[in-house]
There are 2 protein chains.
Amino acid sequence: MTVEDKKRGRPQKDKQALSKELIINVAKQMMLNNKKVPSIRAISTALNVDAMALYYYFKNKSVLLEEITTSLISDIYEPTGSDDWESELIELSKSYLTILYKYDGLLKTLLSMSSDSPADVFIGRFSFIVNPLSLEKSQEKAFLDLLVDYLHGFSMALACNSTQALALDDIEPPLALLFQGVVLQKKTVANGCR
Amino acid sequence: MTVEDKKRGRPQKDKQALSKELIINVAKQMMLNNKKVPSIRAISTALNVDAMALYYYFKNKSVLLEEITTSLISDIYEPTGSDDWESELIELSKSYLTILYKYDGLLKTLLSMSSDSPADVFIGRFSFIVNPLSLEKSQEKAFLDLLVDYLHGFSMALACNSTQALALDDIEPPLALLFQGVVLQKKTVANGCR
DNA sequence: TTTTTAATTCTACGATGTAGAATAGTTTTG
DNA sequence: CAAAACTATTCTACATCGTAGAATTAAAAA
């Protein structure tokens with residue numbers, strides 16, 4: 001009875017607002033501001049709505065987080081089609097890391113999602129970029145696995161090392177090593193050097 | 001007033017038990033059994049002690065987790081000194097992953113610890129194993145960074161993919177790629193192949 | 001013997017996720 | 001047009017969590 005005293009029941013048709021999109025957007029904004037996953041109550045407060053209202057739109061919190069995660073896909077770097085695959089991969093990696101960094105706490109959600117996750121999009125774009133290398137299937141898989149798990153690990157390290165500032169460029173030497181490995185492997189096979 | 005009704009105050013000298021070590025050991029065992037970080041209350045119940053008793057030994061839960069993490073160091077593979085650095089690194093990596101897998105939820109703790117963490121021990125043993133390669137400082141760092149972050153990422157993937165069984169061997173192709181990169185890089189420099 | 005210190009339990013608070021019911025509009029149906 | 005069904009919301013309540021602070025009791029020191 002302080003100031004607010006919301007009326008129960010379905011709201012009148014005029015100014016209802018509240019929708020999946022609104023909830024997701026507000027939650028995303030809170031993640032950006034507070035650098036952590038907000039509580040259901042915090043989101044609902046920001047929306048000026050009862051906490052349980054969110055459960056009309058999402059079965060539970062983890063579904064909400066999954067949908068937030070899915071909605072991040074559009075932020076992932078879109079390869080230009082240039083044949084400078086190394087630069088393209090670096091660009092892709094950095095944009096992926098930036099997302100994981102900005103929306104801290106979503107990595108676990110992302111990894112436990114079966115599909116529609118930014119990881120899948122990452123994989124698709126990786127394949128596209130790396131296609132001109134015409135690597136063997138198994139080689140490409142090893143390359144990809146090493147890369148994505150590396151990025152996930154790096155992103156966790158970023159998130160935990162609160163002392164350090166974001167040092168995205170730190171991925172370059174390891175990536176360079178990785179790329180050289182792939183390149184040299186191909187060249188070696190090609191001209192018989194050993 | 002069910003059955004138990006513990007006496008308050010300092011216990012008599014005879015059968016006190018309770019110590020840092022006991023708490024840590026019980027907590028570790030619970031992590032192994034339940035595959036997750038136990039709550040303070042759960043640990044104290046297992047110890048048949050009030051929850052707040054644990055706070056006499058640890059400032060807060062995260063300190064307890066840090067000490068658990070530190071205590072895992074002894075489980076990390078000790079290199080034999082063999083000059084087969086690739087096998088040694090694989091062995092080291094697998095033992096590290098096994099720990100991270102068995103004690104799920106400790107990765108975050110580990111990453112935010114400033115020292116005495118298994119990661120530091122890992123780094124030390126890595127350096128030892130890789131020493132005969134006499135890599136340049138920056139090369140060795142890139143190698144290490146790529147490896148540890150890869151392992152951390154892989155371990156997260158393991159922990160999240162609850163459907164799959166532990167597939168430690170899946171790290172071998174990526175590691176092979178990584179190793180080949182390092183090796184070929186050296187050979188190339190050595191005999192001028194390009 | 002008194003005082004201090006050590007080791008414990010009790011009570012309680014503020015988060016958190018969320019189940020279940022009450023409520024009040026809106027839409028559909030007879 | 002009234003009744004029934006559905007939709008979208010608030011309210012109340014619970015279990016769990018970490019942990020602050022005080023009370024309590026035994027042991028150790030003075």
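Naming: A, B, ... by sequence-line order, numbering from 1 per chain. Every value quoted in this text rests on a predicted model; they were computed, and no experiment measured them.
Going from atom NE2 of H152(B) over to atom CG of L97(B) covers 8.5 Å, rounded to the nearest 0.5 Å.
Listed pair S39(A) / dT16(C) meets the phosphate criterion, a side-chain N or O lying under 4.0 Å from OP1 or OP2. The side chain of K6(B) contributes an N or O atom lying less than 4.0 Å from OP1 or OP2 of dT9(C).
The nearest whole Å value for the distance from the NZ atom in K13(A) to the C1' atom in dC6(D) is 15 Å. Here dA15(C) presents its C1' atom at 15 Å from CG of N34(A), a figure rounded to the nearest Å. Between the CG atom of D50(B) and the P atom of dG18(D) there is a distance of 14 Å, given to the nearest Å. Summarising the geometry, the separation between CD on Q12(B) and P on dA26(D) is reported as 6 Å, rounded to the nearest angstrom. The CD1-C1' distance, from I40(A) to dC11(D), rounds to 17 Å in whole Å. When the C1' atom of dT8(C) is taken as reference, atom CD1 of I23(B) falls 12 Å away, rounded to whole Å. Rounded to whole Å, the distance from CD1 on I43(A) to C1' on dA15(C) is 15 Å. We find that NZ of K7(A) is positioned 15 Å from C1' of dA22(C), with the value rounded to whole Å.
Residues T80(B) and E88(B) are in side-chain contact: their nearest non-hydrogen atoms beyond the backbone lie under 4.5 Å apart. The shortest side-chain heavy-atom distance between D104(B) and K36(B) does not fall under the 4.5 Å cut-off.
Here the side chain of N131(A) pairs no donor or acceptor atom with the backbone of S127(A) at under 3.5 angstrom.
Along DNA chain D, the nucleotide nearest P11(B) and the nucleotide nearest P38(B) are compared for position; the residue whose nucleotide lies closer to the 5' end is P38(B). Residue R10(B) is the one, among V49(B) and R10(B), whose nearest nucleotide of DNA chain C lies closer to the 5' end (criterion: closest heavy atom).
Comparing atom distances between the R8(B) side chain and each of dA22(D), dT23(C), dG25(C) picks out dA22(D) as nearest. Checking dT8(C), dT16(C), dT9(C) against the side-chain heavy atoms of R41(A) singles out dT16(C) as nearest.
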(request) Applying side chain to side chain contact (heavy atoms under 4.5 Å, CB included), run through Y96(A) and V148(A) and close with a yes or a no. (result) CA-CA 10 Å; Y96(A) 187 61; V148(A) 299; 5.6 Å; no

(message) Test side chain to side chain contact (heavy atoms under 4.5 Å, CB included) on L47(B) and L54(B); report intermediate values, then the result.
(response) CA-CA 10 Å; L47(B) 286 161; L54(B) 306 199; 4.0 Å; yes

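Scanning residues 53-68 of chain B for heavy-atom distances under 4.0 Å to DNA chain C yields A53(B), Y56(B), Y57(B).
A side-chain hydrogen bond (donor to acceptor under 3.5 Å, both in side chains) with S71(A) is found for one member of K28(A), E21(A), E66(A), K20(A) and no other, namely K28(A).
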